[in-house]
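Keep in mind that what you see is a predicted model, and the values were worked out from it rather than measured. Every chain is numbered from 1 and lettered A, B, ... according to where its sequence line falls, protein lines coming before strand lines. Values below: every heavy atom of this structure, side chains too, minus hydrogens, waters and symmetry copies.
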Protein chains: 2
Amino acid sequence: MTHSEENYLRAIYHLGRDGDGYVSTNAIADRLATKPSSVTDMVKKLAEKGLLDYVRYQGVSLTESGENVALTLIRKHRLWEVFLVEKLHFSWDEVHEVAEQLEHIKSEKLIDKLDALLQYPKYDPHGDPIPDKDGKFERREKKLLSEMNVGEAGICVGVKDSSATFLKFLDRHQIALGNNIKIMEREEYDGSLTLLIEGREISISHQIASNLYLNS
Amino acid sequence: MTHSEENYLRAIYHLGRDGDGYVSTNAIADRLATKPSSVTDMVKKLAEKGLLDYVRYQGVSLTESGENVALTLIRKHRLWEVFLVEKLHFSWDEVHEVAEQLEHIKSEKLIDKLDALLQYPKYDPHGDPIPDKDGKFERREKKLLSEMNVGEAGICVGVKDSSATFLKFLDRHQIALGNNIKIMEREEYDGSLTLLIEGREISISHQIASNLYLNS
DNA sequence: ACATATTTTTAGTTTTGTCTAAAAATTAAT
DNA sequence: ATTAATTTTTAGACAAAACTAAAAATATGT
């Protein structure tokens with residue numbers, strides 16, 4: 001399994017999550033910043049290896065073994081992210097890039113020991129669940145802040161967009177996972193919300209609200 | 001800088017250490033388990049980039065910038081080895097393989113933070129010195145056990161051979177870095193030694209003795 | 001339904017790092 | 001010193017993963 005093949009599988013897994021499972025060539029190309037023709041080539045190779053189901057002009061979906069590989073990668077990626085934040089004091093907007101490299105290190109023992117060092121975390125720094133050795137993970141109940149009603153409250157448990165720009169925005173506005181958030185008001189005109197976060201009152205746009213998850 | 005290029009530079013650094021600095025094509029090929037013709041190609045490329053001095057049919061030596069790259073890699077490799085032993089409880093014979101992968105991770109911040117987490121160690125688990133950010137390291141005074149005289153004593157500070165087989169041998173015979181060792185007797189016939197290690201008496205062959213360093 | 005637009009695939013290149021086989025240079029031996 | 005052995009380099013090929021440009025299939029709009 002090469003780095004490149006692994007990157008494809010992880011991308012296809014993520015793209016399949018928010019869809020019916022079938023992923024288009026263009027979608028993969030976009031996500032990996034590559035050309036559709038390159039995707040076609042790679043997708044054929046992965047299908048050969050039994051990691052993908054592929055029908056020409058239709059798209060691909062992960063086979064069971066493909067999904068297993070993807071879940072192992074995601075496990076590694078997210079464990080490394082926890083390590084970087086907890087042990088090396090990286091901020092949550094800096095970890096993705098480095099974890100993307102670390103996830104390709106091949107050593108089962110390494111990842112199991114790392115898991116133990118971190119005391120078997122269930123969620124990464126962005127609130128995403130970490131699969132266990134068998135690829136199982138808790139699918140936590142959560143809902144988008146933008147879809148909640150005035151008066152409701154909850155704990156911030158995740159972000160939908162985990163780009164560095166968004167995460168830095170949250171830092172600047174002192175919004176963090178674990179914060180207690182209550183919706184005080186919704187502006188009809190633009191959908192912006194007034195929130196009570198850990199005692200402070202703050203106003204955020206609809207765009208921001210649609211990228212924050214609260215528990216439910 | 002690709003993984004492969006980095007591997008060549010590190011290999012050339014190590015081969016240059018125990019020699020006059022000039023390294024032969026075959027020596028590199030052997031160390032990297034590749035063919036001499038491949039080495040010639042790569043060596044040309046690295047010379048193009050100003051990392052090596054290369055004269056056809058003569059061999060190569062690192063330029064200053066080549067040596068800097070090599071020292072950075074060695075720094076990363078050895079820091080990761082310390083991490084694996086200290087934090088993840090790997091044994092010293094298991095770390096090399098994994099560190100060989102980890103040393104290629106590109107993130108200056110990562111390595112500085114790791115250095116801090118480990119409290120700026122000066123030596124790796126095999127007693128080899130860890131270069132600092134500027135590539136400087138202490139060249140510790142040490143001598144081979146095989147070259148010491150009966151009656152002399154010292155602390156075990158390093159191994160010359162750091163292959164897994166040798167390290168496991170030392171484990172089995174309870175010989176570890178930091179141990180106090182005194183030479184009790186030398187057998188003239190085969191050069192084997194009787195040692196007093198931390199109170200225990202033990203006999204080792206010349207081969208073993210010529211791969212153990214004591215301080216001096 | 002038909003023409004047009006979009007998506008996907010094919011065909012043919014490129015780059016990187018490797019290889020084999022053969023040629024050239026260097027080193028060793030008698 | 002000339003031949004033989006070894007080392008190193010060249011030349012040509014290959015696999016992986018990407019690309020461009022053009023062709024084929026699918027989807028869309030009126």
Next item on the list: May I ask you to decide whether Glu103(B) forms a salt bridge with Arg10(B), counting only side-chain N to carboxylate O separations under 4.0 Å?
Entry: yes

Note to self: According to side-chain contact (heavy atoms from CB on, under 4.5 Å), who are the partners of Tyr120(B), at least two apart in sequence or on a separate chain?
What the structure shows: Asp115(B), Ala116(B)

Check: Are OP1 or OP2 of dT6(C) and a side-chain N or O of Asn26(A) less than 4.0 angstrom apart?
Finding: no

Check: Who are the side-chain hydrogen bond (donor to acceptor under 3.5 Å, both in side chains) partners of Lys49(B), not counting sequence neighbours?
Finding: Glu5(B)

Margin query: At less than 4.0 Å, is any side-chain N or O atom of Thr25(B) found next to OP1 or OP2 of dT9(D)? Yes or no.
Written below: yes

Notebook entry, point to check: Who passes ring pair (Phe, Tyr, Trp, His ring centres under 6.0 Å) against Tyr57(B), sequence neighbours left out?
Noted result: none

Check: Looking at residues at least two apart in the chain, or sitting in another chain, which of them share a side-chain hydrogen bond (donor to acceptor under 3.5 Å, both in side chains) with His104(A)?
Finding: Glu6(A), Asn7(A)

Item checked: Contact list for residues 59-81 of chain B, test ring-ring contact (aromatic ring centres under 6.0 Å, His included), sequence neighbours left out -> His77(B)-His96(B), Trp80(B)-Phe83(B)

Item checked: Integer-rounded Å distance: dT16(C) P and Leu32(B) CG -> 19 Å

Item checked: Nucleotide-resolved protein contact map, nucleotides 18-29 of chain D, B/S/- at heavy-atom distance under 4.0 Å -> SBBB--BSS---

Item checked: Pairs meeting criterion side-chain hydrogen bond (donor to acceptor under 3.5 Å, both in side chains) with involvement of residues 204-214 of chain B, two or more places apart -> none

Checklist line | Glu6(B) CD to dT16(C) C1', straight-line distance once rounded to whole Å | finding: 15 Å

Identify each atom pair where a protein N or O and an N or O of nucleotides 2-4 of chain C are less than 3.5 Å apart, giving names and distance.
none

Notebook entry, point to check: Tell me: NE2 of His3(B) to P of dA16(D), nearest whole Å?
Noted result: 19 Å

Check: Rounding to a whole Å, what distance do you find between Lys44(A):NZ and dA11(C):C1'?
Finding: 10 Å

Item checked: Set of residues satisfying side-chain contact (heavy atoms from CB on, under 4.5 Å) with respect to Glu108(A), sequence neighbours excluded -> Asp112(A), Lys133(A)

Note to self: Expressed as a whole number of angstroms, how long is the span from Tyr22(A):OH to dT8(C):P?
What the structure shows: 14 Å

